[in-house]
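Since the structure comes first, as structure tokens, the remarks are kept for the end.
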Amino acid sequence: MQPILSAVLLFPTIVFAFALALLAFYWLLVLIRLAPLELFERDSLRDDHTASTLVSLGFIGVPATLALTVLVLLAGAMTLALELFVLRWFDLGMLRVPVGVVILWASLALASPLAAVICQGLGRGLQRFAPFKRRNLLGVTVEVTSLEGDDLARAVIAHRPGCEVRLHCKEDDAFTPGERRVLVKYLKGEGAYRSVKEQAYMETRQRLSQLRLRHKHQEAAHP
């Protein structure tokens with residue numbers, strides 16, 4: 001027990017320990033209903049905020065706080081294991097800070113895809129409950145099942161036939177039963193979503209990624 005406690009108090013493990021303590025306190029507040037479940041969520045994926053960033057990394061269908069909790073847990077476990085089985089045997093001295101920064105980055109990068117897979121699995125089980133059928137569904141793919149007048153439709157989450165949502169249609173974007181669409185905006189007053197065709201969504205994401213890469217290359221070329 002003592003080696004584990006000593007490892008937790010060392011950098012970089014202590015960063016994850018502190019983050020997990022804050023997250024545990026937050027979840028306690030959620031349980032006693034003093035904090036919202038959708039802490040970082042926004043009504044739209046249009047802006048570049050925490051929720052949309054997590055969606056772009058594959059954390060879809062769960063609240064951003066749950067995604068962050070899983071990510072920090074996995075990255076923290078990796079860092080603790082590395083500290084216990086490797087770093088403890090070396091006298092790093094002043095090198096602990098730069099080495100710790102590299103470990104922080106590497107653990108988050110390695111944990112991210114695994115955490116995304118876990119969150120997607122959790123999302124499939126949680127999406128049947130009302131608190132998990134609001135803003136945290138942004139980025140989820142659905143299939144249109146039926147039309148309700150000119151501007152509303154019913155859809156089910158892809159591969160989850162029992163999870164149904166309502167879609168609100170713009171005048172220039174008619175629905176077709178059977179087509180696949182991605183939820184991009186939550187309309188709180190209507191309890192419905194705005195959506196775009198899956199192909200258009202994927203093309204937009206690819207274009208934005210290319211623009212960001214081009215912008216980074218320009219910044220690197222002209223410091």
Side-chain angles (χ1 to χ4, degrees), residues 36-71 111-214:
L37 180 63
E38 299 171 322
L39 184 62
F40 296 114
E41 267 71 15
R42 299 294 185 271
D43 289 331
S44 172
L45 291 181
R46 183 176 181 178
D47 299 322
D48 188 15
H49 45 68
T50 303
S52 61
T53 300
L54 288 172
V55 167
S56 68
L57 292 174
F59 295 90
I60 299 173
V62 297
T65 46
L66 180 56
L68 288 173
T69 301
V70 174
L71 177 60
S112 181
L114 179 58
V117 172
I118 293 174
C119 286
Q120 289 171 16
L122 289 173
R124 285 191 287 271
L126 295 173
Q127 285 162 4
R128 68 187 68 184
F129 302 106
F132 296 91
K133 293 179 68 175
R134 296 194 292 256
R135 296 172 180 85
N136 51 272
L137 287 185
L138 298 181
V140 168
T141 301
V142 299
E143 184 175 323
V144 179
T145 55
S146 61
L147 305 180
E148 296 183 350
D150 296 329
D151 57 354
L152 289 174
R154 292 279 180 179
V156 294
I157 297 174
H159 310 300
R160 297 292 300 173
C163 298
E164 191 176 65
V165 296
R166 296 175 72 233
L167 304 180
H168 190 284
C169 177
K170 290 185 176 180
E171 294 182 0
D172 58 346
D173 187 22
F175 294 134
T176 302
E179 72 173 335
R180 292 168 65 93
R181 304 180 69 90
V182 178
L183 307 180
V184 296
K185 185 174 183 178
Y186 178 66
L187 306 173
K188 183 178 180 180
E190 302 179 22
Y193 296 86
R194 287 277 171 79
S195 62
V196 297
K197 293 180 180 180
E198 184 180 36
Q199 185 62 35
Y201 178 78
M202 299 303 295
E203 290 174 354
T204 300
R205 281 189 58 182
Q206 184 177 7
R207 188 161 55 249
L208 287 174
S209 297
Q210 291 174 348
L211 288 174
R212 286 170 182 165
L213 285 174
R214 188 180 305 169

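Bear in mind the structure is a predicted one, so any value in this text is a computation, not a measurement. Just so it is clear, the values below take in all heavy atoms, side chains as well, and ignore hydrogens, waters and symmetry mates.
Atom-to-atom distance recorded for Ser195:OG and Glu179:CD is 7.5 Å, nearest 0.5 angstrom. In this structure, the separation between OG1 on Thr176 and CG on Leu147 is 7.5 Å, given to the nearest 0.5 Å.
Residues Leu66 and Val62 share a closest heavy-atom pair of CD2-CB, 4.0 Å. The two residues Ile157 and Val142 make their nearest non-hydrogen contact at CA-CG1, 4.0 Å. What you find for Cys119 and Ala67 is that their closest heavy atoms are SG-CA, 3.7 Å. When every heavy atom of Leu138 is checked against every heavy atom of Tyr193, the shortest pair comes out as CD2-CD2, 4.1 Å.
Between the Thr145 side chain and the Pro177 main chain, no donor and acceptor come within less than 3.5 Å of each other. No donor-acceptor pair closer than 3.5 Å links the side chain of Gln120 to the backbone N or O of Val117.
Applying the salt bridge (Lys or Arg N to Asp or Glu O under 4.0 Å) rule to Arg180 yields the partners Glu198; only residues at least two apart in sequence or on another chain are considered. By the side chain to side chain contact (heavy atoms under 4.5 Å, CB included) test, Leu114 is found to be paired with Leu74, Ile118, residues two or more places apart in sequence or in another chain being considered. Not counting sequence neighbours, the partners of Ser146 by the side chain to side chain contact (heavy atoms under 4.5 Å, CB included) test are Arg154. For Thr141, there are no side chain to side chain donor-acceptor pair (under 3.5 Å) partners, not counting sequence neighbours. Glu190 meets the salt bridge (Lys or Arg N to Asp or Glu O under 4.0 Å) test with no other residue; sequence neighbours excluded.
In this structure the side chain of Leu152 never reaches within 4.5 angstrom of the side chain of Leu167, judged on heavy atoms. Counting heavy atoms from C-beta on, the side chains of Arg181 and Phe175 come closer than 4.5 Å.
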**Derivation and outcome, side chain to side chain contact (heavy atoms under 4.5 Å, CB included), residues Leu71 and Ser112** = CA-CA 6 Å; Leu71 177 60; Ser112 181; 4.3 Å; yes
